[in-house]
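Below, each value reflects all heavy atoms present in this structure, side chains not excepted, and no hydrogens, waters or symmetry copies. Proteins come first, then strands; the chains are lettered A, B, ... in the order of their sequence lines, and each starts at number 1.
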2 protein chains.
Amino acid sequence: MVPRPRIKDVAEYAGVSPKTVSNVINDYEHVSERTRTAVREAIDALGYRVNLAGRQLRRGRTGMLALVVPELDVAYFAELARHVMLEADRRGGTVLIHETGGRRERELAAVSGFDAQFTDGVILSPLALLPRDLTGRDTRLPLVLLGERTAPGGADHVGIDNVLAAREATEHLLARGRRRIAVVGGALRGPQGTDRLRTHGYRAALGAAGLPFDSGLVVPVPAFHWQDGARAATELVTRRDPPDALLCLNDHLALGAVRALHERGLSVPEDLDVVGFDDIEASRFSIPTLSTVAPDKRDIARAAVHLLMDRIDRPEDGPPPVEHVAGHRLIVRESSGG
Amino acid sequence: MVPRPRIKDVAEYAGVSPKTVSNVINDYEHVSERTRTAVREAIDALGYRVNLAGRQLRRGRTGMLALVVPELDVAYFAELARHVMLEADRRGGTVLIHETGGRRERELAAVSGFDAQFTDGVILSPLALLPRDLTGRDTRLPLVLLGERTAPGGADHVGIDNVLAAREATEHLLARGRRRIAVVGGALRGPQGTDRLRTHGYRAALGAAGLPFDSGLVVPVPAFHWQDGARAATELVTRRDPPDALLCLNDHLALGAVRALHERGLSVPEDLDVVGFDDIEASRFSIPTLSTVAPDKRDIARAAVHLLMDRIDRPEDGPPPVEHVAGHRLIVRESSGG
DNA sequence: CCATGGCATTACATCGATGTAAATAGTCCG
DNA sequence: CGGACTATTTACATCGATGTAATGCCATGG
């Protein structure tokens, strides 16, 4: 087996020094046209490719970012991942994706760079992480948090205005005359995650409309999957005093709920309205199509990548953490009368 | 900013040589208990973490695998990715995911390790790759192909029996009395991809049943997304002689088709049957639930990871390419009378 | 008491690329 | 033609970890 050519081999082939080859590779300006061409030819002839390990060792950078999400098969994260990859690509970076399954220990590992050894920085979408997990973390590893404001820790944050978004969605349902709106996936206590923020927005909408708040309508779920939505919906409609609308905190929950309702002979939006969050592609093709809060994923990905790369480019002098509020809009589809 | 401690720092702190620290880290057996403990303590005290670039440079391995798929937001690939990550984890590997968007140049880059510089091997799910792209490729980079048999090239292959699977699905529809079955996403010519193999199986089923083959019912699509299924379905049912069943080559196409049919007032399975491929989670919760050919994703992922890692572990003496046929089963749900 | 051999530890070189600083080659001007 | 610069190119050290081979240590046996 022929070993991979090294920069030294190229140098010999081209009759120059290794450093000159390096200069050509890195587009150093003071290289004569003749030498440049000769080196290029040598590179082609030998099929030379930079060895990134060597480069990284020398430069101290990998050019790789870690994107750490709970689950890739939650469509929102897959869609987000693609945007992040595109953005990173545009800036010459590569993305390494990690799944945490929402487990705190894995998220912790991510922020401490344990998983991310090869990585210059991390974009993390936390689920189980506690605020205190971030205090005192090793700030040598730049970090951007997505979704939740896990508060202080010298990390930038990117997310939509969850409170406002939930409030708008709720107001939409109220405007449709719905009065008993359940929050599937909501939370009243526990860490300040998106679930709590959205529940808060929901409550604000009720308050503004002068309606009473019934904590029984806030239904936590074990995970944000189809089946969790289905179970929650089933439970809700078999109550004595069932809801007339479901505000589901993601589209999977919503679609699972719609299906469960269908199985019990209830139809959406005739009997109940359903609204989700995330605007995954499935929501545009489901029966009925799903109303949903669409976060601007492109904006989120772009902001996250840029914040991260900026911080990587300028270690030391970290400016204070940045808070980027990405756009969102409520898309009304069939599931709430659209 | 405090620089990251190096192995040398640990050595000094523990009062031993760098190599001894390395020995401890790598569980070399001949290290006295005392020394081992001292080094461990030093590591903890300093918060030392191996620098993988250095290690890789020395060892020539990264411990990372590349998983290269067309699109992560095609649920099948996201689900597959998770399984691959789990398997790799189990064997101490890390997975780097790349998207190609189905573009040939990106797939080519993948098999030549261009993207995959940091990678010991590649698992590729090709879409546009031609058989000849693999002949004469640099076999220093172990490669496992998924899905299609892109034929010779010294690469292992993992996939289901596409011909058989399509045949079974078709036979199921025939058994239901359907006679004009369209193949959405099918192909009669072009590279020997899964689409052609499945179309072949479909044809075999027709032949076995003594039914004529109508090439007009084989409908290619630009991509395998919801909207492509929707378009194809719309086009099909507005024909003079519309089909009575759709065999869609993935679940996205199928679900998009179901939606389009719904919009034209046709209901599934009363008016038409629809069957998909992949068994993505959405298919279990759609209205109607979707019949589909479920490939054993876990098996596929496991086989792919093991084949790849085995080949990485033993470079040179590559045994001949292995062909692993993963299991599959037809799951009949509401969309075809289940 | 010394040779023998196994275990524990270490010195040194090396993986491949690149920053620094110095050397060499050119160019222009007086 | 020599000096002063500038443009190119190069020598050398270094990033961090680890394989190789050598050394040191200790116990056992003759």
In whole angstrom, what separates [X]'s [atom1] from [N]'s [atom2]?
X	N	atom1	atom2	value
B:Leu57	D:dG19	CG	P	13 Å
A:Leu52	D:dC15	CG	C1'	15 Å
B:Asn51	D:dT18	CG	C1'	13 Å
A:Asn23	D:dT10	CG	P	9 Å
B:Lys19	D:dA21	NZ	C1'	11 Å
A:Gln56	D:dA17	CD	P	11 Å
B:Tyr28	C:dC7	OH	P	9 Å

Quick one: closest heavy-atom pair of A:Ile160 and A:Val325, and the distance? C-CG1, 4.3 Å
Contact list please: residues 7-18 of chain A against DNA chain C, heavy atoms, distance less than 4.0 Å, in numerical order. A:Ile7
Which value, rounded to the nearest 0.5 Å, describes the distance between A:Asn23 atom CG and A:Asn26 atom CG? 7.5 Å
Residue pairs passing the salt bridge (Lys or Arg N to Asp or Glu O under 4.0 Å) test with at least one member in residues 75-84 of chain B, sequence neighbours excluded, are A:Glu71-B:Arg82, A:Asp73-B:Arg82, A:Glu99-B:Arg82, B:Glu79-B:Lys297
Kindly state which residues belonging to residues 29-42 of chain A come within less than 4.0 angstrom of DNA chain D, counting heavy atoms of the residue only, listed by number. A:His30, A:Val31, A:Ser32, A:Thr35
Would you check if the side chain of [X] reaches a backbone N or O of [Y] as a donor-acceptor pair within less than 3.5 Å?
X	Y	answer
A:Asn51	A:Ala53	yes
A:Asp9	A:Arg6	yes
A:Thr37	A:Glu33	yes

May I ask you to say what [X] touches in the nucleic acid, namely base, sugar-phosphate or nothing, with a heavy-atom cut-off under 4.0 Å?
X	answer
A:Tyr48	sugar-phosphate
A:Arg6	sugar-phosphate
B:Asn26	sugar-phosphate

Suppose we call a contact any N or O donor and acceptor under 3.5 Å apart; does that hold for the side chain of B:Arg59 and the base of D:dT18? no
Would A:Arg302 and A:Asp299 pass as an ion pair if we require N to O under 4.0 Å? no
Before accepting this row, confirm whether a basic side-chain N of the pair B:Glu107/B:Arg104 lies closer than 4.0 Å to the acidic partner's carboxylate O. no
Out of the candidates A:Leu146, A:Val305, A:Ile123, A:Leu145, only one should pair with A:Val158 under the side chain to side chain contact (heavy atoms under 4.5 Å, CB included) rule; please name it. A:Leu146
Using a cut-off of strictly less than 4.0 Å, decide whether B:Thr20 has a side-chain nitrogen or oxygen near OP1 or OP2 of C:dT10. yes
Check whether any side-chain nitrogen or oxygen of B:Arg55 sits under 4.0 Å from OP1 or OP2 of D:dT18, and answer yes or no. yes
